[in-house]
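Proteins come first, then strands; the chains are lettered A, B, ... in the order of their sequence lines, and each starts at number 1.
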Amino acid sequence: MNTANDATEQPMVRFDGVTKSYGALTVLDDLRLDIGRGEKVAIIGPSGSGKTTVLRMLMTLERINDGVIWVDGEPMTHMEKGGRLVPADPRHLRRVRAKVGMVFQHFNLFPHMTALGNCIEAPITVLGLSRREAEERAAELLDLVGLADKKEHYPAQLSGGQQQRVAIARALAMRPKVMLFDEVTSALDPELCGEVLQVIRKLGSEHDLTMLMVTHQMGFAKEFADRVCFFYQGKICEQGNPQDMFAAPQNERTRQFLRAVMDSV
Amino acid sequence: MWDWEYAISIMPALGKAALVTIQATGIGFLLALVLGLILALLRMSGPRMGWAVSALIEFIRSTPLLIQIFFLYFVFPSFGIVLDAFTAGVIALGLHYGCYCAEVYRAGLEAVPRGQWEASIALNLGTYATFKDVILPQAIPPIVPALGNYLVALFKETPLLSAIAVLELMQTAKMMGSETFRYTEPMTLVGIIFLLMSLVSAAGIRWLERRLNRRSAR
């Protein structure tokens with residue numbers, strides 16, 4: 001339906017009127033958001049504002065109630081059938097989902113596999129790589145995140161920061177076009193955050209990846225992101241480039257939020 | 001009271017019968033393990049299927065094993081399904097204990113953190129790979145002791161097969177007793193054989209448990 005040409009002009013991710021509710025509680029209300037190719041977007045906001053739900057929907061961990069999510073020029077939550085968009089079947093979901101990778105707040109590494117095992121499982125079973133190919137690629141990625149010497153370690157033998165870096169390598173091993181980072185430093189001791197953020201910084205410069213991150217690290221958001229979106233009660237309350245937004249937030253809610261988090265630092 | 005000569009003379013026959021008991025236990029438990037896993041997975045596969053499977057499990061667990069054995073052996077032939085005594089007995093054991101094992105598997109599966117499922121989705125693993133490589137390797141080691149208890153329990157229930165004349169230990173001892181009117185030696189020996197085999201399998205389970213613990217503690 002798309003030629004390769006317009007695909008490059010389309011946004012990498014598009015939320016088109018996406019609504020998510022749990023019973024009577026609306027978590028996200030008619031979300032409209034385009035994310036460009038290679039763009040780094042930070043999502044900030046108070047807890048319960050729906051920011052994590054944005055990532056979880058894009059990873060297909062949550063069903064949406066209304067609207068369509070597009071990834072790389074094609075609908076993800078829906079598929080085309082007889083000229084109309086109908087809800088996606090599992091096969092379609094799986095195909096489009098391959099373009100998205102995610103890193104979780106609590107790492108979610110497979111505890112019974114080594115760092116290397118974690119990074120080769122999906123490339124072998126999903127992408128069909130040979131064990132050797134998968135191991136070579138995993139070794140490169142573990143090297144990229146600074147853990148070349150921890151290949152044979154089990155998650156329990158690694159620090160939180162190291163585990164989270166393995167989780168980043170594991171997600172990258174699937175060669176996603178979009179990487180989602182869900183509060184990836186929130187479960188870490190402060191002194192371990194730096195090594196994880198350093199890896200994310202490196203990814204930003206070395207890879208032409210589209211990155212979406214939910215974060216409480218305002219300093220990092222300011223320095224790293226091309227754009228910051230402030231969520232409040234299921235809506236984007238304000239967005240813009242980080243310099244402007246942190247220096248002179250336009251919205252009262254944003255001002256209150258930024259004042260509160262900056263004070264707590 | 002106790003005739004050593006008689007005791008020794010019946011030992012070879014009891015040894016043979018012990019093999020039948022071990023076979024019934026082994027095949028029955030293998031069946032229970034496989035069936036239990038299938039039932040546990042089916043129960044997770046959807047609300048309607050889950051309800052049907054739960055009802056089946058409840059039904060089988062709430063009726064006596066002896067009745068199930070009789071049903072398979074004496075009632076099934078009227079539906080055209082004729083099973084020999086050993087097969088009927090082993091299927092009944094496997095089915096009955098499979099339902100108990102299904103509950104154990106369920107506990108193990110539910111104990112795997114939700115994050116493991118989410119990571120599997122995020123890595124685009126299929127259902128089969130998710131279960132085989134991620135979920136089951138974490139769900140099963142903690143439930144080995146509970147499954148082991150059912151192995152010993154199933155083993156101790158095999159004398160029920162004597163009711164449909166399977167020549168396992170109990171049936172053999174009963175027949176010896178009715179031939180010679182001496183029950184002391186055969187029944188005592190059968191009791192001792194059961195005790196020894198229970199102790200051996202309990203030790204085996206503890207060994208397996210320790211090995212699995214060592215592996216997961218790495």
Side-chain angles (χ1 to χ4, degrees), chain A residues 52 55-56 58-63 90-91 93-114 117-128 152-158 163 166-176 178-182 187, chain B residues 33 37 40-50 104-148 207-218:
Chain A
T52 286
L55 300 193
R56 292 177 57 83
L58 186 50
M59 193 68 260
T60 71
L61 298 174
E62 306 278 354
R63 279 172 191 278
R91 247 184 77 211
L93 267 184
R94 237 188 130 192
R95 191 174 58 76
V96 185
R97 181 160 63 205
K99 297 174 181 179
V100 185
M102 184 164 180
V103 182
F104 298 88
Q105 182 177 355
H106 296 288
F107 331 138
N108 298 353
L109 288 178
F110 302 137
H112 56 297
M113 298 181 193
T114 61
N118 267 278
C119 296
I120 62 172
E121 168 66 27
I124 292 174
T125 57
V126 181
L127 303 181
E152 300 306 325
H153 285 58
Y154 285 84
Q157 300 167 319
L158 299 171
Q163 289 188 49
V166 173
I168 293 172
R170 177 177 74 170
L172 288 172
M174 294 301 283
R175 303 244 160 111
V178 185
M179 276 282 274
L180 311 177
F181 296 87
D182 184 16
Chain B
L33 285 180
L37 183 58
L41 294 178
L42 279 179
R43 181 139 74 173
M44 292 172 73
S45 68
R48 200 171 292 181
M49 178 60 100
V104 175
Y105 280 117
R106 174 164 76 158
L109 289 166
E110 281 175 354
V112 177
R114 208 178 51 156
Q116 296 291 309
W117 296 92
E118 294 186 344
S120 304
I121 294 175
L123 289 169
N124 223 357
L125 294 176
T127 311
Y128 177 71
T130 299
F131 275 103
K132 180 174 90 49
D133 297 343
V134 178
I135 303 301
L136 290 179
Q138 296 182 64
I140 290 182
I143 60 171
V144 164
L147 291 175
W207 173 81
L208 186 64
E209 200 183 321
R210 264 204 310 278
R211 242 188 62 147
L212 289 170
N213 278 340
R214 232 191 354 255
R215 258 187 57 192
S216 57
R218 238 178 350 199

Task: Distance, nearest 0.5 Å, that separates CD1 of B:I121 from OG1 of A:T60 - done: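 Atom-to-atom, B:I121:CD1 and A:T60:OG1 are 6.0 Å apart.
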
### Task
Spell out, as yes or no, whether a donor-acceptor pair under 3.5 Å connects the side chain of A:E121 to the backbone of B:S120.
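No.
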
Would you find a donor on one side and an acceptor on the other, under 3.5 Å apart, between the side chain of A:N108 and the backbone of B:G115?
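A pair under 3.5 Å: yes.
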
Open item on the list: Is it the case that over 12 heavy atoms from other parts of the model lie below 6.0 angstrom from the CE atom of B:M44?
Closed with: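 Yes.
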
Could you look at B:E118 and say if it's the side chain, the backbone, both or neither that has a heavy atom under 4.5 Å from chain A?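 Both backbone and side chain.
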
If you look at every heavy atom in [X] and [Y], which pair is closest and at what distance?
X: B:D133; Y: A:M113; result: O-CE, 3.4 Å
X: B:P137; Y: A:H112; result: CB-CD2, 3.5 Å
X: A:M102; Y: B:A122; result: CB-CB, 4.2 Å
X: A:V126; Y: B:L123; result: CG2-O, 3.8 Å
X: B:A119; Y: A:F104; result: CA-CE1, 3.9 Å

Heavy-atom proximity to chain B below 4.5 Å, by part of [X]:
X: A:M59; result: both
X: A:L93; result: neither
X: A:R170; result: both

| Test item: A:F110 and B:I135 side chains (from C-beta on) under 4.5 Å apart, heavy atoms |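 They are not in side-chain contact.
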
